[in-house]
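The structure under discussion appears below in the form of structure tokens.
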Amino acid sequence: MKVKVKVRRFNPEKDHRPYWGEYQLEAQPTDRVLDLLVYIKGYIDGTLTFRRSCAHGICGSDAMVINGRNRLACKELVKDVGRTIVIEPLRGLPVIKDLAVDMEPFFRKYRSILPFLINDEPPPYTERLQSPEARERFDDTTKCILCAACTTSCPSFWANDSYLGPAAIVQAHRFIFDDRDRGAQARLAILAEADGVWRCRTIYNCVDACPREIDITRAIGEVKKLLLVE
Amino acid sequence: MAAHIGSSARSRSKFELYMWFFTRVSGVLMLVLGAYSIIYANLIGGPGMMDAAAQTRWAFFPISFHVTASKVEVEPNFQNAFWQFYGLLLFLLAATHGTNGIRVILKDYVRQPVLLAWLNALLFIVWLSMLGAAVYLLFVAQGVS
Ligand code: FES
């Protein structure tokens with residue numbers, strides 16, 4: 001089938017403002033949007049810039065706005081997005097070139113919630129054992145691949161980029177509800193600040209955007225409830 | 001345990017937490033209070049006496065002015081301390097719930113700190129004057145029975 005791909009292009013060294021690049025190509029319904037981008041770069045315009053690594057929905061490199069929604073290009077099939085495919089870079093992060101955005105502001109927030117196991121009790125002789133039930137408690141939030149699709153779909157984040165954003169809260173949730181971790185208080189103090197969980201207005205865009213189907217708004221709600229009872 | 005990590009100078013203010021909780025609780029409470037006052041008004045002789053507009057006004061601001069225009073007997077039923085405080089409570093919840101919502105929106109969209117401070121001050125004054133007006137209507141204009 002013939003498809004038309006429109007890509008929001010911008011090269012800061014040449015362009016004053018972004019423009020739409022339009023490409024006509026032949027595609028299979030089972031092709032992924034990522035395949036189309038690879039084809040365009042390989043055969044039509046080698047200057048097209050985008051990130052991808054695993055191409056299997058695991059590394060989180062290729063989140064972008066596809067037909068208005070935040071999606072991983074490597075998980076979207078042509079048959080699900082239609083014959084006209086409009087692709088834009090993620091919103092709310094500075095564009096470096098074409099579809100590549102500067103992820104540093106995003107990762108700075110990720111680092112700020114202390115995304116590592118904190119436990120200064122003396123280590124046991126073997127590993128720190130955890131029951132399946134205790135593991136189940138935070139299973140959902142372990143699935144995050146840090147693709148930034150949720151945070152860049154969040155109107156609260158667009159309105160005010162000092163907001164931590166859903167991804168950072170999901171990562172904090174992953175450790176706060178881990179019974180081997182002892183850093184919950186430090187993390188909750190960060191999340192309780194004005195730019196923390198209270199900026200979440202339960203808009204649910206993040207839930208729609210998440211390629212891992214994490215119930216993000218529920219995780220944020222659990223953190224809010226925990227802050228209330230603390 | 002491990003509390004030293006990330007414990008740089010942080011605002012320990014619980015204001016946002018309390019306002020978040022208040023918004024939820026007041027939302028539910030307003031519905032319950034509004035439902036009770038409208039049911040009461042109808043039991044006491046609302047149907048036929050109060051038109052739909054008066055019923056709605058009564059539901060969310062039970063003040064006897066809203067029924068004096070109709071043929072409901074104001075005297076023992078509505079003009080008493082119970083309904084005055086009921087009205088005050090409902091108004092307090094509604095005004096604070098709404099004003100806090102505007103505060104949150106301002107915080108999202110106003111980027112200049114000075115402008116934000118002024119707008120917040122203005123909002124606070126509006127909130128206070130609304131409460132003042134409600135207290136006047138409920139307790140002075142209506143008169144304590
Ligand atoms: S390329 Fe790795 S998630 Fe899409």
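Here the structure is a predicted model, which is why all the values come from computation and not from measurement. Chain letters run A, B, ... following the sequence lines, proteins first, then strands; residues in each count from 1. Any value given below was found using the heavy atoms of this structure, including those in side chains, with hydrogens, waters and symmetry copies removed.
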**Study point:** Proximal to chain B - members of residues 123-160 of chain A, heavy-atom separation under 4.5 Å
**Key:** A:S156, A:A159, A:N160
Heavy-atom neighbours of [X] [atom1] exceed 12 at 6.0 Å:
X	atom1	value
A:E213	CD	no
A:R69	CZ	no
A:Y19	OH	yes

Check your understanding: Checking heavy atoms, do the side chain of A:D181, its backbone, both or neither come under 4.5 Å from chain B?
Key -> neither
Review point. With sequence neighbours excluded, what pairs up with A:D195 under the side chain to side chain contact (heavy atoms under 4.5 Å, CB included) test?
Key: A:S162, A:R199
Exercise for review: Would you please go through residues 107-120 of chain B and name the residues with a non-hydrogen atom below 4.5 Å from one of chain A, in numerical order?
Suggested key: B:K107, B:D108, B:Y109, B:R111
Study note, to complete from the structure: Those residues of residues 30-38 of chain B that come under 4.5 Å of chain A on a heavy-atom basis, listed by number, are none
Review point. Which atom names give the shortest non-hydrogen contact between A:W198 and B:E16, and what distance separates them?
Key: CD1-CB, 3.3 Å
Point to revise | Straight-line distance of B:F21 CZ to A:K225 NZ, nearest 0.5 Å | key: 11.5 Å
